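Chain naming here is simple, since letters A, B, ... match the order of the sequence lines and numbering starts at 1 in each. Only a predicted model underlies this, so the values are computations on that prediction, with no experimental measurement involved. Basis for what follows: all heavy atoms, side chains included, without hydrogens, waters or symmetry-related copies.
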There are 2 protein chains.
Amino acid sequence: MDKIIEKFKALSDETRLRITNLFIKSGKNLCVCELMDALQLPQYSVSKALGVLKSAGFFSTEKEGTWIYYKMNKGNAEIKAIISFLKGYLISEVFSEDEKRLEKRIALRSNDKCVVGIIPEKELLRLIKEKTDG
Amino acid sequence: MDKIIEKFKALSDETRLRITNLFIKSGKNLCVCELMDALQLPQYSVSKALGVLKSAGFFSTEKEGTWIYYKMNKGNAEIKAIISFLKGYLISEVFSEDEKRLEKRIALRSNDKCVVGIIPEKELLRLIKEKTDG
DNA sequence: CAAATATATGCCAATATTAGCATATAACAA
DNA sequence: TTGTTATATGCTAATATTGGCATATATTTG
């Protein structure tokens with residue numbers, strides 16, 4: 001019982017649900033700095049939220065240099081069931097704004113890997129503009 | 001988003017999950033005093049837990065005299081989806097003990113309605129024994 | 001080696017949740 | 001009306017959670 005309670009508790013927080021939404025909607029493995037920009041939240045806030053979700057069993061991590069990529073544990077049946085439930089009910093303006101920002105951030109990847117890091121918002125917007133304008 | 005967070009929060013508590021389990025497993029409408037005996041928890045504790053679940057949308061109530069029967073809102077699609085997910089994952093010794101006690105308590109109904117009320121455990125055990133021994 | 005950078009974590013104050021008791025409410029019974 | 005009973009709720013202390021800052025860790029680069 002404690003396991004399932006821990007999972008529900010993990011999902012009953014706005015930041016953690018927004019993070020979960022981004023993984024479900026994008027289907028991608030994501031690093032902390034990409035999530036920071038999509039959610040517009042500080043690094044410690046994203047890291048802590050990911051820590052809670054990971055220890056509840058939703059995510060595992062893969063290291064690539066100084067980057068750490070989080071991925072959903074779709075292998076686990078319980079997680080899979082929760083995800084497929086969530087898919088139908090993650091509907092909110094907040095979520096879709098996050099998704100839009102993530103999409104732009106992901107577009108800055110090289111070989112499908114993040115090469116941006118933690119940068120001021122102004123610089124991020126410049127990079128995105130550059131990409132768009134060509 | 002707030003709605004779904006409220007639902008997860010409602011389910012991330014042992015008492016509230018045990019209550020939800022009893023409704024799912026028994027398929028019955030239940031009153032507070034039946035739940036008290038099945039869960040072996042004080043009245044205020046059961047009432048408060050039901051209040052949280054109700055305001056999260058899981059339950060509605062029907063009054064019958066001084067008794068109030070709670071029933072799951074199976075009409076709501078979101079609730080239905082959560083219930084069908086839960087069915088597969090409500091597995092624990094605690095749950096099955098609750099279910100056993102509820103079964104005995106339900107057996108004391110007349111015309112499928114509770115006629116027991118709030119009584120000391122000793123007396124409850126006597127009623128159950130009486131019923132069993134014939 | 002030192003510097004830089006992505007991520008994690010320890011600490012603390014602010015805030016939210018819980019558990020327990022006492023009491024309130026509402027319906028019935030006499 | 002008064003008493004009884006099933007249920008709800010207000011209050012408070014104890015406990016848990018959160019948000020923010022500062023700092024730690026680990027890896028890469030030079």
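- One N or O donor and one acceptor, one from the side chain of B/Gln43 and one from the base of D/dA8, sit under 3.5 Å apart.
- Checking A/Arg16 against A/Thr66, the closest nucleotide of DNA chain D that is more toward the 5' end is the one next to A/Arg16.
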Start with the C-alpha gap between B/Phe8 and A/Phe8, add the side-chain angles, then the distance that decides, and say whether ring-ring contact (aromatic ring centres under 6.0 Å, His included) holds.
CA-CA 5 Å; B/Phe8 283 136; A/Phe8 283 136; 5.8 Å; yes

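- One interatomic measurement links the two molecules: CD of A/Glu64 to P of C/dT7, which rounds to 11 Å at whole-angstrom precision.
- Across all strands shown, A/Ile68 has heavy atoms under 4.0 Å from sugar-phosphate atoms exclusively, and none from any base.
- Atoms NZ (B/Lys63) and P (C/dC28) sit 9 Å apart, rounded to a whole Å.
- Backbone-only engagement by B/Tyr70 is indicated by non-hydrogen atom pairs under 4.0 Å involving sugar-phosphate atoms exclusively.
- In this structure, B/Phe8 atom CZ and C/dT17 atom P are separated by 17 Å, rounded to whole Å.
- One interatomic measurement links the two molecules: CD of A/Gln40 to P of D/dG19, which rounds to 16 Å at whole-angstrom precision.
- To the nearest angstrom, C1' of D/dT7 lies 13 Å from NZ of B/Lys48.
- Here C/dT9 presents its C1' atom at 13 Å from NZ of A/Lys54, a figure rounded to the nearest Å.
- Side-chain nitrogen and oxygen atoms of B/Ser47 include at least one within less than 4.0 Å of the OP1 or OP2 phosphate oxygen of D/dA8.
- A straight line from OH of B/Tyr44 to C1' of D/dT12 spans 13 Å, rounded to a whole angstrom.
- Regarding B/Met36, its CE atom lies at a distance of 12 Å from the C1' atom of D/dT5, rounded to whole Å.
- Ring pair B/Phe58/B/Phe23: centre-to-centre distance not below 6.0 Å.
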Given side chain to side chain donor-acceptor pair (under 3.5 Å), test B/Ser60 with B/Lys71 step by step and report yes or no.
CA-CA 6 Å; B/Ser60 50; B/Lys71 66 170 178 186; 5.0 Å; no

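- Note on A/Val94 and B/Ile4: same hydrophobic cluster, where clusters join Ile, Leu, Val, Met, Phe, Trp and Tyr whose side-chain heavy atoms are under 4.5 Å apart, directly or indirectly.
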